[in-house]
Novice: 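To start, I am sharing the structure in question, which I have written as structure tokens.
Convention: sequence-line order gives letters A, B, ...; per-chain numbering from 1. Side chains included, hydrogens not; waters and symmetry mates left out as well; all remaining heavy atoms used.
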Amino acid sequence: MSTPLHEWNLAPRDAMALQTELAKRLELSDRLDPVRHLAGVDIGFEDGGATTRAAVVVLKWDPDTAPDLSVIEQVVHREPTRMPYIPGLLSFREIPAALGAFAKLTVQPELVMVDGQGVAHPRRLGVAAHLGLWLDTPTIGIAKSRLTGRHAEVGEQRGDWVPLTARGGEVIGAVLRSRTRVKPVFVSPGHRLSLDTSLQWVLRCLGATKLPEPTRLADRLASRRDQRRG
DNA sequence: GCGACAG
DNA sequence: ATCTTGTCGC
């Protein structure tokens, strides 16, 4: 029996120990297949949190027409929420629903952008890293706020960024000004990708807002507006 | 012991 | 994350 990628009903203490073990399996160098389809994932909640709603949007990536992106598939999956939100243990709460959404896809993406941290996590296993490990797919974490790590002030211009470092100096991500004079986003590789490559992809997928198109669209789908189904 | 704390 | 109107700005 190999260590499971996930188990339910784990006490926080055990969940943390599992994260430490799983983080050892992460690959932080590029092992990326040619990207033809990239996806954005985000989770939302309904019924005061009783229902978890996962949204995945798949975009077509064409080297010739880049950076033009077009949506080719989108899925929404709902299921009962089974874990509370505990800082540091977000993946245990969101991944089950995310997997349900991925299972409904007819096209599997070669790269996935996740709303949350990659390795910029206390035990280096943010939701993007955990999901990447599970799907064995390259993932990038794009968070709207900081969970851990220190960083200097970021320049005000779009594209400016500074490293996010953990105690000891290890670089675990980047604080990126994705829009001029707008609050920066926290980018960190999840799995099978380096920080540099992660930044490259986030930058090339930026549209009119501060979030890259994949997560921006998934955000819209997962949030209680956009009256669609899945 | 006292804060900090993705979504 | 979610609860929520109007309002400021391009």
Novice: Could you check how far CG of A:Leu89 sits from C1' of B:dC5, rounded to whole Å?
Specialist: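 Checked: the CG to C1' distance equals 11 Å.
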Novice: About how many Å separate CG of A:Leu135 and CZ of A:Arg192, when rounded to the nearest 0.5 Å?
Specialist: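 With rounding to 0.5 Å, CZ (A:Arg192) is 10.5 Å from CG (A:Leu135).
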Novice: Name the closest nucleotide to the A:Arg146 side chain, picking from C:dT2, B:dA6, B:dC5.
Specialist: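 Selected nucleotide (nearest to the side chain): B:dC5.
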Novice: Round to a whole Å and report the spacing from CZ of A:Phe186 to C1' of B:dG7.
Specialist: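 Going from CZ in A:Phe186 over to C1' in B:dG7 covers 14 Å.
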Novice: Stacking between B:dG7 and A:Tyr85, yes or no? Criterion: centroid separation under 5.5 angstrom, plane angle under 30 degrees.
Specialist: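 Stacking is present between B:dG7 and A:Tyr85, given that their ring centres fall under 5.5 Å apart and the planes under 30°.
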Novice: Given the ring of A:Phe92, does A:Arg82 sit roughly above its face, with NZ or CZ under 6.0 Å from the centre of the six-membered ring and within 45° of the axis?
Specialist: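 Geometry flag: not set, cation outside 6.0 Å or 45°.
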Novice: Identify whether any heavy atom of A:Gly88 sits under 4.0 Å from a base atom; if not, whether one sits that close to sugar-phosphate; answer base, sugar-phosphate or nothing.
Specialist: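 Base contact.
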Novice: Give the rounded distance in Å between these two atoms: CZ of A:Arg53 and P of B:dG7.
Specialist: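 It is 17 Å, rounded to the nearest whole Å.
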Novice: Consider only side-chain N and O atoms of A:Thr51 and A:Asp47, and report whether a donor and an acceptor are under 3.5 Å apart.
Specialist: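 Side chains of A:Thr51 and A:Asp47: pair found under 3.5 Å.
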Novice: Hey, is the side chain of A:Lys144 poking within less than 4.0 Å of OP1 or OP2 on B:dG7, counting only N and O atoms?
Specialist: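 Result: yes.
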Novice: Indicate whether any N or O donor in one side chain lies under 3.5 Å from an N or O acceptor in the other, for A:Ser29 and A:Ser194.
Specialist: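 No, because no side-chain N or O of A:Ser29 sits under 3.5 Å from a partner of the opposite role on A:Ser194.
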Novice: With a 4.0 Å limit, can you tell me whether A:Ser145 has a side-chain N or O closer than that to the phosphate oxygens OP1/OP2 of B:dG7?
Specialist: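 Answer is yes, contact under 4.0 Å.
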Novice: Tell me the interatomic distance from A:Leu147, atom CG, to B:dA6, atom P, rounded to whole angstroms.
Specialist: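 One finds 6 Å between P of B:dA6 and CG of A:Leu147, rounded.
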Novice: Base, sugar-phosphate, or nothing: which does A:Gly126 touch, judged by heavy atoms less than 4.0 Å apart?
Specialist: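 The residue A:Gly126 makes base contact.
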Novice: Measure from CZ on A:Arg167 to C1' on B:dC5 and round the result to the nearest Å.
Specialist: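 Result: 16 Å.
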Novice: In whole Å, I'd like the distance from the CZ atom of A:Phe92 to the P atom of C:dA1.
Specialist: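 Whole-Å distance recorded here is 21 Å.
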Novice: Is there a path from A:Phe186 to A:Leu147 through hydrophobic residues (I, L, V, M, F, W, Y) whose side chains come within less than 4.5 Å of each other?
Specialist: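 In one cluster with A:Phe186: A:Leu147, no.
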Novice: Could you tell me the separation between the CD atom of A:Gln19 and the P atom of B:dA6, rounded to a whole number of Å?
Specialist: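 Rounding to the nearest Å, CD of A:Gln19 and P of B:dA6 are 14 Å apart.
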Novice: Please give, in whole Å, the distance from B:dA6 P to A:Asp219 CG?
Specialist: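 The answer, rounded to whole Å, is 16 Å.
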Novice: How would you label the contact of A:Ile142 with the nucleic acid (heavy atoms, under 4.0 Å): base, sugar-phosphate, or nothing?
Specialist: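 Since no nucleic acid heavy atom lies under 4.0 Å of A:Ile142, the category is nothing.
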